[in-house]
Every structure is written in C-alpha cells, then in structure tokens.
Amino acid sequence: MADLLHKPLLDIEEQPRTSKKTPRVASLDVFRGLCVFLMMLVDYGGAIVPIIAHSPWNGLHLADFVMPFFLFTAGVSLALVYKRVPNRIEATRKAVLRAVELFLLGVILQGGYFHGINSLTYGVDMKRIRWLGILQRISIGYIFAALCEIWLSCRSRRDVSFLKSYYWHWGAAFSLSAIYWGLLYGLYVPDWQFEMSNATSSVFPTNHSYVYMVKCSVRGDLGPACNSAGMIDRYVLGIDHLYKKPVYRNLKECNMSTNGQVPESAPSWCHAPFDPEGVLSSITAAVACIIGLQYGHSLAHLQDHKQRMQNWILFSLSLLLVGLLLAVVGDPVNKSLYTFGYMLITCASAGITYSAIYLLVDVYGYRCLTFALEWMGKHSLSIFVLITSNLAVIAIQGFYWKAPENNLIQWIVTRFVRR
C-alpha cells in the first residue's frame, strides 16, 4: 500500500517486467493534473460558489465532470500499458492486484476512518462503514477496461478504427449498457422504510429513533426517492453502508438548512442515505473507462498528430451528439445515477479537453505553461490522499493566531461558508 501512494492516480503506464516500460506522455500527465486541480477546486470552492458544486440531481455543474475525467485518463493509460501483452495471465494478475489496492485505499479514505477537520479522532464503526467511493469506482472501471484490453483485443488491421479494430470491446460496452438500462428502467421498486437514529441526526433527542416510510411502488422512476439504483444498494450493501449526506438534500423539496440539517417536515426520502458511487451506476462508469480506452488506442498505435486529432474530435462529437439526443428524448443527465446520457456527454467533454491539451503540450510543446498541472499529474495519488483524508487541511489548521480557534480554516469557514 505504501508503494501505491508514490504512483500517480490511475497512472497505469507501467508494463509487465517482460516488456519495455512505456514512456510517459506529457499531455496525459497534464490532463490527470487538471482532474486533481478540478477536484480541489470544487471540494473547497463549492461551499463558497455553489454553482460549481455537484448538481443536486439532474443537470451538469463543474464538479460533475471530475469523476468522468478520472475514468477517461485511466482508460487512455491502459491502452499504453497493454499495447503489447506477452503474458496475459501475468498481466491479469497485476491488473487485479492494482484494482484491489485502489479499492482498499478508497475504503480507508472514504469509508469513515477519517472524521474530518472538526474532529481529531479516527476509526470507523464496521456496521456503518462506506464500502464504495471515488477510488473504488475508478478501480471497478479500471479492471473492466483492463480485462477488455488484455483478453478482447484482436486488432489485425494497420489502421486504428474506433468501431472496427476493437469490436469485442464495444460488445462488452454494449452488454454492460444493456444490463444497466434493464435494471434502471425494468426493476420494480416497492415501498421501503428506514430508521433514523440520533447517531446520524441531531434532529431527534438522544436514545430515540424514527422510522421513515417512502412510498414508491413504481418501475423506471429516476427521482431520488424511488430509483432502482438506490434499491439495489440498499439490498446489496445495506442502507447503513451508504453515503450519509447525499447531494440531493440541496433540492428545494428537502429545504436543508445552512448547517446541513434536514427539517422533520421534509419528505421522508430527504433523510435517507444514498450513494452516488453505487453498484448500478458503477456499470456505466466502467463503460466510460472502456470509451477512454478507445481514445488511448489512437495514442498507442498512431504516430501522426493530425490523424490522432481527427479520430478524437470526430469520436467526441459523435458521443456528444448521441448524449444530447438522449437528454432530449427523456434520459436525464444525472451524475448520481450515472445515466447513459451523462456518461456520453462527459466522455465527449473529456475527449475534447484532452485533444486541446494534447495539441498545446505534445504538438506545439508549450509544457512551460502547464508544468504545474504536469507535476500534479505525476503525483496525483499522493495529492488525492492528502485532500480526501483532510490531512492537508488539518496541517494548515494547526497554525493559529493566539488561540486554536483563530486558524485559517476556521476563518474561511466563518467568513465564506457560514455567511
């Protein structure tokens, strides 16, 4: 686990020992650094400027692009790693090990072990640990894309076509998409209930709990209360293992106060946990990683800058068009459910953004303009750990003026967040 911290976040650009190490691609490091920068910006700036924070349910804000961008760069990197695979068994073993390491690190960082900047305690109740999160989702997308590249690549043509050269990859992507659509729209969601205790809410007095009933009895509902994604998570993971502060509490229906409390008069589902990195939505996240893999094929197998750019732009515009059409016909753009339209639009955005970075950095050579992002990309996992665990914030919080309460973090929270 210690060695993992010295590697860039999903920098999979390391070949098995039997082959040559793949040279680093500067534009990919810059793009990965951009992902980390955006994550820091929306995490710390979202409370001050809500428009850049996650959309409460349907819609796209700046924060909603961060996860797809990470999945995209993971897919691109995989195409470089497994450009040649002399030993599929060994490559699979290393891919599975890498995915497990990322998953376990994610559980430690986001499972509840670190209690935040207002508490110096640590440790997590195993009855309430959160099993899924950002790194866990990336690890799931990574292993699906890695297995596709290791076992389903049979390219025999000299030219690289997104559709023709890797048709088995698309078969896997379409199969995963069909499973997702079938479960999202086909499962029947009955009425359900959950218990809210004083351990998770300050609304009720000590040693008391309240049982909420959520009326559903529907099929294909994509609202926050009765979607099948939440139902699957409640059955598979258990409601106590889901994210306790879902972003949909910012909806007007929930009427959440500035201190994060939901009034008792709000609809029952406003009090319920919901995991935005749940089981069902991880399926389309895996498809997003496979799409990033296809962009990486142009980088791995084509040498001409112009041909690479043409492939990327054409593919990105095609994905964007299909995603917008789906949004028009009724498939919402929703990050929490990771809907198909959201997945296509954000993948297209990642492709267009990476194309621009590639043109600036690798074609025209303006690395001096992006050296900070490139450095962040090379050390992205270490930065991610510092940010997610709040260790960086706690370190800054340790410096204060005269009294511990007069620290920089508390000043920012008082002046901007709680204003």
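Residue numbers count from 1 along this sequence. These numbers come from a predicted model, not from an experiment.
Applying the side-chain hydrogen bond (donor to acceptor under 3.5 Å, both in side chains) definition to pairs two or more places apart or across chains, those involving residues 45-55 are His54-Asp64.
Ser389 places no side-chain N or O within 3.5 Å of a backbone atom of Leu109 that could act as its donor or acceptor partner. For the pair His169 (side chain) and Cys148 (backbone), a donor-acceptor distance under 3.5 Å is present. When atom types are taken as modelled, the side chain of Gln110 and the backbone of Ile134 share a donor-acceptor pair closer than 3.5 angstrom. Using modelled atom types, one side-chain atom of His271 and one backbone atom of Pro263 make a donor-acceptor pair closer than 3.5 Å. At distances below 3.5 Å, at least one donor-acceptor pair connects side-chain atoms of Ser268 with backbone N or O atoms of Met213. A donor-acceptor pair is defined here as one N or O able to donate and one able to accept, closer than 3.5 Å; no such pair exists between the side chain of Arg130 and the backbone of Leu242. Looking only at distances, a side-chain donor or acceptor of Trp312 sits under 3.5 Å from a matching main-chain atom of Tyr295. Between the Ser281 side chain and the Leu337 main chain, no donor and acceptor come within less than 3.5 Å of each other. The closest donor-acceptor contact from the side chain of Ser153 to the backbone of Ile150 lies at 3.5 Å or more, if one exists at all. Thr339 places a side-chain N or O within donor-acceptor distance of the main-chain N or O of Pro332, the cut-off being under 3.5 Å.
Between Leu62 and Leu41, some side-chain heavy-atom pair lies under the 4.5 Å cut-off. In this structure the side chain of Val107 never reaches within 4.5 angstrom of the side chain of Leu135, judged on heavy atoms.
A side-chain donor from one of Tyr354 and Ser27 sits under 3.5 Å from a side-chain acceptor of the other. Remark: the Arg98 side chain and the Tyr142 side chain contain no N/O donor-acceptor pair separated by less than 3.5 Å. Side chain to side chain, Tyr342 and Asn58 fail the donor-acceptor criterion of an N or O pair below 3.5 Å. No hydrogens or angles considered: nothing links the side chains of Ser355 and Arg308 as a donor-acceptor pair under 3.5 Å. The closest side-chain donor-acceptor pair between Ser217 and Asp191 falls under 3.5 angstrom.
The side-chain contact (heavy atoms from CB on, under 4.5 Å) check on Pro246 picks up Tyr248, Arg249, Phe274, with sequence neighbours excluded.
Ring centers of Phe69 and Phe31: under 6.0 Å apart, within the cut-off.
A distance of 4.5 Å separates CG in Leu280 from CD1 in Ile232, rounded to the nearest 0.5 Å.
Heavy-atom minimum distance, Asp331 versus Gly341: OD2-N, 2.9 Å.
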task: Could you go through the side-chain contact (heavy atoms from CB on, under 4.5 Å) check for Glu101 and Ser139 one step at a time?
output: CA-CA 8 Å; Glu101 288 178 337; Ser139 71; over 6 Å; no

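A salt bridge links Asp240 with Arg128: the distance from a Lys NZ or Arg NE/NH1/NH2 to an Asp or Glu carboxylate oxygen falls below 4.0 Å. Glu149 has no carboxylate O lying under 4.0 Å from a charged side-chain N of Arg88, or vice versa, which leaves the two without a salt bridge.
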